Protein chains: 2
Amino acid sequence: MPTPKTTSLRRTRRSSDDLRNQILSAASELFLRDGYANTSIDAVIEKVGGSKRAIYSHFGGKDDLFAAMMANLSESALQAIASAEEKVAGDDVRVSLTKFARAVMRILMDPRTVALYRLIVSESARMPDLAEVFLANGPRRAASALAQLLQRYADAGALTISSAEEAAEHFIGMLRDDVYLEVLLGVRAPLGEKARNARVTQVVDIFLDGTLARRRPSVR
Amino acid sequence: MPTPKTTSLRRTRRSSDDLRNQILSAASELFLRDGYANTSIDAVIEKVGGSKRAIYSHFGGKDDLFAAMMANLSESALQAIASAEEKVAGDDVRVSLTKFARAVMRILMDPRTVALYRLIVSESARMPDLAEVFLANGPRRAASALAQLLQRYADAGALTISSAEEAAEHFIGMLRDDVYLEVLLGVRAPLGEKARNARVTQVVDIFLDGTLARRRPSVR
DNA sequence: GTCTATATTGCGATAGAC
DNA sequence: GTCTATCGCAATATAGAC
């Protein structure tokens, strides 16, 4: 059978949901690559096939298509962050931080994340809600997860930090340094796993040897 | 007296240089505020007065006007960085780093820098040279100045660092953390002097207590 | 002023779902 | 067969570069 029955409710030639998803997918690719202003409705429709009308009946307009796409993207981004949070189960501070940092670096250097980051910076002025959603689901979420981790170690006497929140922000800042800026600006390819891990080790060393309590010469 | 229309080279009322500078100034303001696509030639002309013809004869087109404006801006940015480099004359590591970091933070949080940063991220895909010029005059220059400073202290035995370059990048990364991202996205106002200095102290403490040689319990 | 690009809408035709 | 979403194409409107 060419068309195995759709388990869902109605239309099937290319079900309404399929069309919607295909539009979202094509729009993501183009918006992420070329930005909002340089992506035309025609270009999206050319990738998907069909009529421009489909976009307007499904989404309402270009702005709404863009918003829908960003909402869609934030879901997958959120899942990535959530999986990173689970990686911090190690007992040793250095091991925990390293795991966390590697996960963050992997997400940061993902080409999709890079493009999303760039798009957010470009368009947040036009759509303020965009920035809020992105910050809440991405950076703030990662920072507060890390802050909790740091606080636990601080309570256990392994770390000496004045503010877990700020320390977490600084730690993540170290991961997202000039190298990341260069990736963001497209003058350098995203770091591969080996290079990422090397930088993570550097960062963890700098960070930890400043916050490790020195009373107990334990872990080293 | 019927004003003889000077068809080409000579201009009288407003000197050619003045007009050029006024155009650049108006263009800077608009481009920085609204971005490339959302700034129209008409809007620039409206601010300056005169005819659209002026822009095309002076610059050639919108792209060229934009490029000229960016080149113009990078000069002042360069001066700011250069002034930061001079501030590192202190003898004590902590004092030197603090001075340097305060200067960097002041530049970073300058609304003009923020707008420039945002514009670079938005447009570097369209104009790759932009990113190179910006990186060379800004971030890379600051990082390498800091790296030299760090290396001096390392040579003197005050710091233990494996790579001065990378350490410098991480240090600056700590300064440009999530808080800066929020400023960049416009959801938070740039930090005032007091808040900046507080963060600088945090960053220097984290950084130094990890890189200070512990053999000699000297400086602390 | 001219011309191109592009967002947005109008509407008859069509092809599956029911 | 009817119904409805989609299609294809044309038309409108506006902005903005030149």
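All of these numbers come straight from a predicted model, not from anything done at the bench. Chain letters run A, B, ... following the sequence lines, proteins first and then strands; every chain starts at 1.
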Check: Gln202(B)/Ser162(A) side-chain N/O donor and acceptor closer than 3.5 Å:
yes

Counting distance only, does the side-chain N/O of Lys62(B) pair as donor-acceptor with the main-chain N or O of Thr39(B) below 3.5 Å?
yes

Rounded to whole angstroms, how far apart are CD on Glu46(A) and P on dC7(D)?
15 Å

Euclidean distance, atom CG of residue Leu19(A) to atom C1' of dT4(D) [Å, nearest integer]:
14 Å

Would you say the side-chain atoms of Thr113(A) pair up with the backbone N or O of Leu108(A), donor to acceptor, closer than 3.5 Å?
no

Rounded distance in Å - CD1 (Ile23(A)) to C1' (dT6(D))
10 Å

Between Ser16(A) and dT6(D), is there a side-chain N or O to OP1/OP2 distance below 4.0 Å?
yes

Take atom CG of Asp42(A) and atom C1' of dT9(C), then tell me their distance rounded to the nearest Å.
13 Å

Nearest-Å distance for atom pair CZ/C1', residues Arg20(A) and dC7(D):
19 Å

Rounded to whole angstroms, how far apart are CZ on Phe31(A) and P on dA7(C)?
9 Å

Assess whether a salt bridge exists between Arg199(B) and Glu169(A), defined as any Lys/Arg side-chain N lying under 4.0 Å from an Asp/Glu carboxylate O.
yes

Heavy-atom contacts under 4.0 Å between residues 52-69 of chain A and DNA chain D, which residues?
Ala54(A), His58(A)

Salt bridge (charged side-chain N to carboxylate O under 4.0 Å, His left out) with Asp64(A): which residues, sequence neighbours excluded?
none

Separation of dA17(C) P from Asp18(A) CG (nearest whole Å):
12 Å

Rounded off to whole Å, could you give me the CD1-to-P distance for the Ile45(A) and dT8(C) pair?
13 Å

Plane angle bin for Tyr36(A) and Phe31(A) - parallel if under 30°, tilted between 30 and 60°, otherwise perpendicular
parallel

